[in-house]
Amino acid sequence: MFQKAAREQGKTGENLIRLLEKRLDNIVYRLHFASSRKQARQLVSHGHILVNGRRVTIASFLVKENDAVSVHESAKRMTVIKDGLREFSRSGVVPWLEVDPDALTGTVRTIPQRSDVTDLVGVNEQLIVEHYSK
């Protein structure tokens with residue numbers, strides 16, 4: 001992931017964070033279909049998540065702008081997904097995503113920028129870049 005971020009134009013640290021935020025397991029977590037990233041990864045790998053109507057089982061799949069992420073019909077009754085959506089009703093969703101909790105679908109409105117990722121307070125991505133560029 002670091003090598004891919006280093007090849008892109010712009011600051012490598014910001015590119016790395018953007019790539020990590022675009023991962024399908026992270027999107028599932030951010031849409032509150034799962035209560036943790038590990039749980040989101042498992043939902044993806046077990047085939048419960050669709051991207052643009054197609055089943056995707058690769059957690060590191062990079063979602064693009066305007067992609068629709070939804071829960072497979074057979075998984076809509078799962079307790080873990082319903083539990084995750086309870087958190088949505090309390091805290092909402094990040095501004096670059098849009099979610100329909102009734103249909104269990106979400107849309108990536110825009111690609112997140114570093115300023116959109118607010119839960120990385122205290123993380124200095126420049127130190128990560130320095131470490132991996134050695």
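Just so you know, these numbers come straight off a predicted model, no measurement behind them.
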Quick one: closest heavy-atom pair of Asp25 and Ala40, and the distance?
O-CB, 3.2 Å
Please report the interatomic distance CG(Leu62) to CZ(Arg23), rounded to the nearest 0.5 Å.
8.0 Å
Using a 4.5 Å cut-off on heavy atoms from C-beta on, say whether the side chain of Val99 contacts that of Phe33.
yes
Just wondering, do Ile111 and Trp96 contact through their side chains at under 4.5 Å, heavy atoms?
no
Within-4.5 Å side-chain heavy-atom neighbours: Arg55 and His72
yes
Please report the C-alpha distance between Glu125 and Leu16 in whole Å, then the side-chain angles of each, then the deciding distance to 0.1 Å, and finally whether the side chain to side chain contact (heavy atoms under 4.5 Å, CB included) criterion is met.
CA-CA 8 Å; Glu125 62 269 11; Leu16 181 62; 6.0 Å; no
Polar side-chain atom of Asn15 near backbone of Ala5 as donor-acceptor pair, under 3.5 Å:
yes
Going from NE2 on His32 to CG on Asp83, what distance comes out if it is rounded to the nearest 0.5 angstrom?
13.5 Å
Short N-O contact, Glu21 and Arg30, less than 4.0 angstrom:
yes
From Arg7 CZ over to Phe2 CZ, what is the distance, rounded to the nearest 0.5 angstrom?
11.0 Å
Are Val63 and Leu50 linked, directly or through other ILVMFWY residues, by side chains that come within less than 4.5 angstrom of each other?
no
Minimum side-chain heavy-atom gap Tyr29-Ser35 below 4.5 Å:
no
Are Val69 and Ile49 side-chain neighbours, meaning at least one heavy-atom pair lies under 4.5 Å?
yes
What is the distance from atom OH of Tyr132 to atom CE of Met1, rounded to the nearest 0.5 Å?
11.5 Å
Between Val80 and Ile27, is there a shared hydrophobic cluster once you connect ILVMFWY residues whose side-chain heavy atoms come closer than 4.5 Å?
yes
Report yes if the side chains of Arg37 and Asn26 come closer than 4.5 Å at any heavy-atom pair, otherwise no.
yes
Looking at Lys4, I'd like to know if its NZ atom is crowded, meaning that more than 12 non-hydrogen atoms belonging to other residues, nucleotides or ligands lie closer than 6.0 Å.
no
Are Leu19 and Glu8 side-chain neighbours, meaning at least one heavy-atom pair lies under 4.5 Å?
yes
Please check if the side chain of His46 supplies one atom and the backbone of His48 the other of a donor-acceptor pair under 3.5 Å.
no
Whether Asn52 side chain and Ala68 backbone form a donor-acceptor pair below 3.5 Å:
yes
Here the gap from Arg41 atom CZ to Ile58 atom CD1, rounded to the nearest 0.5 Å, amounts to 10.5 Å
For residues Leu104 and Leu85, determine if any side-chain heavy atom of one lies less than 4.5 Å from a side-chain heavy atom of the other.
yes
Could you walk me through whether Leu43 and Ile81 pass the side chain to side chain contact (heavy atoms under 4.5 Å, CB included) test, one step at a time?
CA-CA 9 Å; Leu43 286 173; Ile81 295 173; 4.2 Å; yes
Heavy-atom pair with the smallest gap, counting every atom of Arg77 and Glu73:
NH1-O, 4.1 Å
Here the gap from Asp100 atom CG to Leu31 atom CG, rounded to the nearest 0.5 Å, amounts to 11.0 Å
On a heavy-atom basis, which atom in Leu24 and which in Val56 lie closest, and how many Å separate them?
CD2-CG1, 3.7 Å
